[in-house]
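Below: the structure, in structure tokens.
Given the structure is predicted, the values throughout are model-derived calculations rather than measurements. Below, read A as the first sequence line, B as the second, and so on, with proteins coming before strands; counting in each chain starts at 1.
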Amino acid sequence: MSHLIPVSDTAEVQPAGAVAAAELQESVRVRRHLPWWRLLLRDKFATASVVWFVILLAFVFLGPLFLSDKATAVNLAARNAPPGFSHGFLNILGADPLGRPLLPRLMVGARNTLAIAFSSVICALVLGSFLGMIAGYVGGIIGNLIMRLADVISSFPSLLLALIVLYILEPHVMNLVLVLAITRTSIYLRVTRAEVLEIRERAFVDASRALGGGAPHILRRHIAPLVAPTLGTIVTVDFAAVMLAESALSFLGIGIQPPEITWGLMVAQGRNYLTQAWWLAFVPGAAIMLTTLSANLISSWLRIINDPAQRWRLEISRKEAKP
Amino acid sequence: MTEPLLTVRDLKVEFQTGLETVHAVNGASLTVEAGEIVAVLGESGSGKSVTAAAIMRILPIPPARIAGGEIIFQGRNILTLSPSEWKQMLARDVALVLQDALSALNPVYPVGWQIAEVFRVHGERSRKVANAKAVELLKRVGIPDPERRAKEYPHQFSGGMRQRVMIAMAVALRPRLLIADEPTTALDVTVQADIMDMITQISWEEGMSVLLVTHDLGVALRYAQRVCVMYAGRVVEAGPVREVLSRPAHPYTLALLQSAPQARAEGERLNPISGSPPDLAHLPPGCPFHPRCRYAADVCRASRPAETNILPGRRVECHRAMEVLDVVAA
Amino acid sequence: MLRYIGKRALQSAVGLSVLIIAVFFLARLTGDPAKLLLPINADQALIDEFRAREGLDRPVIEQFGVYVWNVMHGDFGTSLRRHRPALDMVLEAYPVTLQLAFTAMALVLVSASLVGSVAAYRPGSAVDRTVTVSSLISASVPDFWVAISAILLFAVTLQWLPTSGYGSDIRFWLLPLGVLVLRPFGMLVQVVRASMIATLSSAFVRTARIKGMSEGRIIYVHALRNALLPIITVAADQTVGMINGLVIIETIFGFPGIGKLMIDAVMARDFPVVQASILVTAIAIFTLFILVDLAYVALDPRIRHR
Amino acid sequence: MLLQPEMPILQVRNLTKHYLPQSGFSFSGGKSVIKAVDGVDFDLYPGETLGLVGESGCGKSTVARTILRLEEPTAGEVLYRGQDIFSMNRTELKTLRRNVQVVFQNPYAALNPRMSVEDILSEPWVIHPDVLPREQWADRVRELLVQVGLRPEHAERYPHQFSGGQLQRIGIARALALSPEVLICDEPVSALDLSVQAQVINLLEEIQAETNIAYLFIAHDLSVVRHISNRVAVMYLGRMAEIGPASEVFNEPAHPYSAALLSAEPTLKPDEIGRERIPLKGEIPSPANPPSGCRFRTRCWKAQAVCAEQVPQLEPRPPGSNRLAACHFPMDAPDAEIPHHLQST
Amino acid sequence: MLNLKRLAFLNIATAAGLFAGHGFAQDKTLVVVLPEAPVTMEACMGNNTVNGRVIRINIYEPLTVVSDTTGQVEPRLATSWERLDDLTWRFHLREGVKFHDDAPFNAEAVVTEMKRTLNRDRNCHTEQQYFRGFNMTPTVVDDLTLDIKTDVPVPILPTFLSTLLISSPNSPLEEFTLKPIGTGPYKYDGENPGTEIRTVKNPDWWGEHSNVDAVKYIWRGESVVRASMISVGEADLTPELAVQDATDPALDKPYVDAETLWLRIDTEVPPLNDIRVRQALNYAVNREAMLGTLVSKDAVPSTQITVKGVLGHSEDIDDEVYPYDPEKAKSLLAEAKADGVPVETPILLVGRTNILSNSTEVMEAIMAMFQEVGLNVTLRMTEIGEWREYHNRPYPEGRQPVIVQTKHDNNRGDAAFSLQPKYACDGTNAAMCDPEIDAMIAKATAESGPDRGKLMEEVFAKLYREWVPDIHLFHMVSYARVGNRIDYVPNLLTGIEVRIEDVNFK
């Protein structure tokens, strides 16, 4: 996953060899950048993605408030109702084999799904970047041990690891988060370590050491803020990966169990009805896809704005860009 | 008088960055005659490298944009040539040596291969012949044991040796014009001297013109015949190098000389140029140098000085050039 | 060189040992195979009898000792469920998986390199944006969802391809491969694109330009070779990650590969098969990583001479 | 000009730094040590500027890093006011950090791009909280900015909003925040334009005049060193070639290497323009495998058999002067001593 | 150009069409697609559903078989049998039968098989499931006559022996065989591991073949995929379709597969130890609403765990299905509550994933129904290992009240297999204890005479009317999809065996 490391905006100078880069930089250095939200608006796909996430957030916070009952209310009369208004507004996206309306289920499921993905990624981020900083800055035997640990984790098919741990710990939401976090940790660990190894050689780190700054000081004040943007882009990609992993686990029947609702579970349950009621799997599948796609698009946007070699593409408007 | 080999006339290059347009080159004009070495002297942001890149047509477009002017090389306007016509001229007629030879050489191919590629791309069918020519060139640029070193990779060469490889590659097809963009900036003085001596020698032997882009007054003085001093994207003063540097007519040239420790006697305090380099997105009206100029008058703030020929072969853009000349003389 | 391989092999061996220990003890925490393999109405006596026979009643440490001793003598145990040597089952399943994985990866590498390079040539162009978005979509779809939908579309509705199954006929492979390459392709196109954009703006590409060579030669001779290193790293990661996809694909399309074997074994608490399959897989993965390192050496003279 | 009434503030004794090459793919298998610095001695006195020159790879930056204890030496010692910095405990080291500071070459890299100028300049006090009470930080930051020729309101800006010269001023301000006695300047102006370079050099000179701070001024640009230094040390391949008062070294170099170096320097002085360069043979040898005896002998036109056998020691040249050179056949010795057949172009 | 393109397209289309259309065989090779691959081909594992569908009857035959219509024991490799005394049975074996490896079938072969199957070290499902609780001593009387003596009276020994599949005496004694050798109508013809298993007609078989020459078994987990394979002609037959995939009345044949779905109540923990609460639970379930939606419309609401046709099934109580009456449930609960029964105690509803297709949905629906009458029920779906913790004795002390989803498939035709473990005090799966019931079960099990069925019927009736230890749901119906090329009528036994001798090409 190290490929996702963008050329970070802290690179000492512009990519070497861009002929005019040094001069250009000298003249551009004092320029103001566009605020991030204007850069966002310049990227239509990223804007749409953010809008989608805003909608999701509304789902997450409003859905359970009003609709938890509706999401579990069995109504066999509306069994497998197709999308439309025939069974009332809540059934606009159709209903499942128990006649439970998909829209509220999707909204209630959004909370579990996003919470699992979000917490897993955050746990992996915290754990991985912490270990990665130690491995990168301290190195030595401890660093080596940490790297071997990462080797082991990454050579263990993550789905299997998840399966085993879930059998040990029961498929509870917290445990699922734990498992997914463990399987993602090594990415953060490696990326952080690689970044730390590079950043610790920078002159400002030397300057801080010359001032008497100890390892904790340097890691906190100098290295962490610089690793952050890189990790940020990975977090968004990973968010997508974790959602897909969660749904794959549900597909295999070992993830979250009913009566909890997650999107992956909805797809897994709906797949039995593909021939009769395609919407059961399609609607949550599309929700997963839209969300992972949005996360990926945002990540790609983040990579661009964090990369001085690419950022200008968003900063210049399209018309002006034409030679 | 015959037409110069290269004429850059009123060249304008803009970069679109963020909210603003940076006028990196702002109406630069210069000429290079056949067989001469012309130094383009300037600090960062003066537009000297952008001019070189524009001549080579390797500006990143976008964000860069050629906003005006023409570049006449051997009687043809480079800017209007089709890409394939231009590719034909590259390396054959005009070549470039970049500052950072390590990143300018492809790290995964042997240097001999990379030199031979020039011949192969420009019509040499036999791999063997191309390789032999490459070894010959390495020998010519003073690389010992060329047969063996041709098979080595760029990272196995020292900085000076890499720059020699770059020069070998550039002069492979005996171009009429060599553009050398800060060819020795990262190198030690002893190596710099070797490299510059070699370029000068090849130029003399081949009758090859050299456009030497540099920020080093000493290098310009030692190796060039003529100098163009650039400031804020314009050539503010041009002329024979010894004359310009001993009797500058532009206050900027003068100020540069006064801030150079090389030019000062021991114990003499340096006399830096006040203020900061020009903001290329918001150039001041009038003469772009006037905010930092000791000789600035109202006219300098009001209008941009026209190009004037103050002495034979000397060109300057300053309202008060004559006064400056007098001051220097005094 | 040999020393380096030796060192890497040693590191891998350490990793493998940790892995064996982890798998052995973790597996045993997942539950009692007796509860899955014996009839529903089996009483405690029968369960105890089963455990005693399979050595599951002994202290775990002792079981581990026996296991390690046996593995060192080439005995990976006998499947609790199928009563066959676990290693035989694993080795039987491997060719299918390797065929799938390598064909898929080869497809991904070639197509992603081509497509990613094209996109990188003019960043921000219509082609680039199309490639970027479609590769992101490709990386974002749940594979099981696509697999089943594809069966319904291509096999049931259009009847162009068989629904599923394993055989030498290429049509059996089209859908599984198609689904399997989706995610690695999407991810790798991104990497190729990013890597190529960086490489294409590097100084040596400019050098190549001013030598007057064609754009095709610039992209594929000069830039791609340099951009390959990060691509290979990610491709290796994706190959490992593909095992997850294989579990799903093999389950849906009825391919008798290692993914299905592993998941079934874990579900049935068939410890010997779990251990053997993970061990063999890990060896394959570590070998892959060493090969990647060697590819680095082959591709980048700077590493060779360090 | 040369004031040396006190004892040296820094004494560098037999400083040696060898690097083990990174373990990686090694086809040769041989592990040759890179002798970056190999037994260097010099003193630095309060209030003076000692210039340290040499070509890239000669070890001058390693000397700086080792004195700053950014690297641990292989051998030798550095005495700060008589105390070896390599055997200092934590508190002693912290005191040392307050008194010996550094300015780096590349101002773009030396400042953390994510920190505002205010944060950058108060970092020294974050690390040394006893130096200045927190409530005075903001004022002191602005004082420092003014002292280095910037404006107080620059405190809120970020590094990318400054030009190179301004950034280097900020770097200097940070180094001054703890009021050090020694400032190690590792190529502080070589990344700057001529006009800006002059500003920074003047700034450094002003600060020295005010505070009596000592500079170890490392550069490859001889004209800058000549301008700013009281004394100059010339290094070649990890060893000291020559050290002495700047005027002596520059005007009448004793070591052939110093002479060659000076002759290669482009000059703007009218009387020197026509001067002939002394060409050097071959390339600089690898520090992993330096020549025996005198390290310069492989490129020296004066070299004789003895140069390969005996390591020349730093000795006063001419005898009795306070300029030392490590050469068997220094420039002031008549060429006639060299057998004709050993002379080369 | 255009023509070429069109031509190419046509080629692809025809090739694909041919491929899809012609199936795999012009000859009479039957393709059966199963939900799961057989785990082993070993005879002593042949009563396991996944193995049995391939090897039972088709490759290996037992001495006796149980009729799918009458529940009576019928001859197979034994032609007749008689009970010599309480402990001894005599079996007369079929003459002229040979194993696929030409070994003769005789009494000696049966004795060998008994040794193999009953060898406890081999972990045989058949032995563990059916031959615990008594010991058998076989005696060869002559080549085709065999006496079997048991240590306790076993009135239904011939029924038990329907589970003993006879393999060639040359089969390995210890390991499980990889190449099954039996006496059946089809013999093993190789396999592609993990992909397919092939059998061909055994020309030497003693019985009458159908017109199927060879069989290829393949397997796919997804019901929808299997259904599609039959539709497009890739396969001819698949059992166990999910309800929602049985959409084509022309192809999909329902069969009562002896599987009964019910919920077992833990009667030993309050509030479930109160019969009113248990009755309330029964009233709360709307069985009708699930018919045709979550379970097949052909499924039969049940009152006991065995289906009609099994000896001991009580037809008396068949009509006494609890009606859906939430009001009644509520009032019963209120009554119990008034008597101090802690009806608000949280009750755990334990489901098992994949116990049947839609098992999860059924459980979600039932949870909603229980919640509707005011019970504090939470659902927990478990996989089999965890499920057993709830389902099998011993249960933990001080446990939460639990209702466990379970199913039963008595395919041996005698309720004795069901009663003891489910309802006796020491029954492995029982969560109740009543000495009176215990005694009734013991008496019925020991009875070998005509009253045997009657005695067992009484037990079921008493349990249902007076004890209410269960919430009975349905006798399930499965669907087999039968391709156009063949005739096959699935029956009660299709769940565990697919007799190729009953399949004919049209």
Side-chain angles (χ1 to χ4, degrees), chain B residues 41-46 142-144 157-161 164 184-194 196-197 214-223 231 241-242 245-246 252 255-279 292, chain D residues 1 53-58 149 162-166 189-203 205-206 220-229 246-247 250-251 257 260-270 272-275 277-280 282-286 299:
Chain B
L41 192 61
E43 298 182 289
S44 28
S46 64
I143 290 180
F157 285 64
S158 69
M161 288 295 160
R164 286 170 195 266
T184 57
T185 297
L187 304 177
D188 290 316
V189 280
T190 55
V191 184
Q192 166 176 308
D194 288 343
M196 285 313 302
D197 284 353
T214 183
H215 67 275
D216 190 326
L217 299 172
V219 167
L221 183 60
R222 192 176 209 167
Y223 298 103
Y231 185 82
V241 67
R242 290 201 180 200
L245 293 188
S246 57
Y252 174 64
L256 267 186
L257 280 163
Q258 285 177 337
S259 59
Q262 296 139 291
R264 310 301 271 178
E266 261 157 65
E268 195 181 358
R269 220 173 127 72
L270 300 178
N271 199 352
I273 306 176
S274 61
S276 356
D279 177 347
R292 307 174 75 185
Chain D
M1 186 110 187
V53 295
E55 293 180 290
S56 46
C58 73
F162 292 95
S163 67
Q166 290 173 315
V189 295
S190 49
L192 304 178
D193 275 321
L194 200 51
S195 59
V196 181
Q197 174 177 311
Q199 295 172 355
V200 172
I201 289 172
N202 282 355
L203 172 67
E205 285 180 341
E206 282 159 25
H220 67 268
D221 186 338
L222 299 176
S223 59
V224 171
V225 173
R226 171 186 270 189
H227 179 86
I228 200 170
S229 306
S247 53
F250 279 105
N251 294 333
Y257 176 64
L261 203 57
L262 281 164
S263 77
E265 171 84 358
T267 178
L268 291 171
K269 290 189 182 132
E272 289 175 3
I273 285 176
R275 155 192 90 182
R277 179 163 79 86
I278 306 171
L280 290 180
E283 274 197 86
I284 190 162
S286 156
R299 308 181 71 192

Establish, from distance only, whether the side-chain atoms of D:Q197 and B:S259 form a donor-acceptor pair under 3.5 Å.
no
Would a 4.5 Å heavy-atom cut-off, applied to side chains only, mark [X] and [Y] as touching?
X      : Y      : answer
B:V189 : D:H220 : no
D:R226 : B:P261 : no
D:N202 : B:P272 : yes

Counting heavy-atom pairs under 4.5 angstrom with chain D, the leader among B:D216, B:L257, B:L217 is B:L217
I'd like to verify something: which residue of B:N271, B:D194, B:V219, B:V191 has the highest number of heavy-atom pairs under 4.5 Å with chain D?
B:D194
Which answer fits D:I201, side chain, backbone, both or neither, if we ask what part of it has an atom under 4.5 Å from a heavy atom of chain B?
side chain
Quick check: closest heavy atoms across [X] and [Y], and the distance to 0.1 Å?
X      : Y      : value
B:R222 : D:S263 : NH2-O, 3.4 Å
B:T190 : D:A264 : CA-CB, 3.9 Å
B:E43  : D:D193 : OE2-CB, 3.2 Å

Heavy-atom distances under 4.5 Å only: say whether B:Q258 touches chain D with side chain, backbone, both or neither.
neither
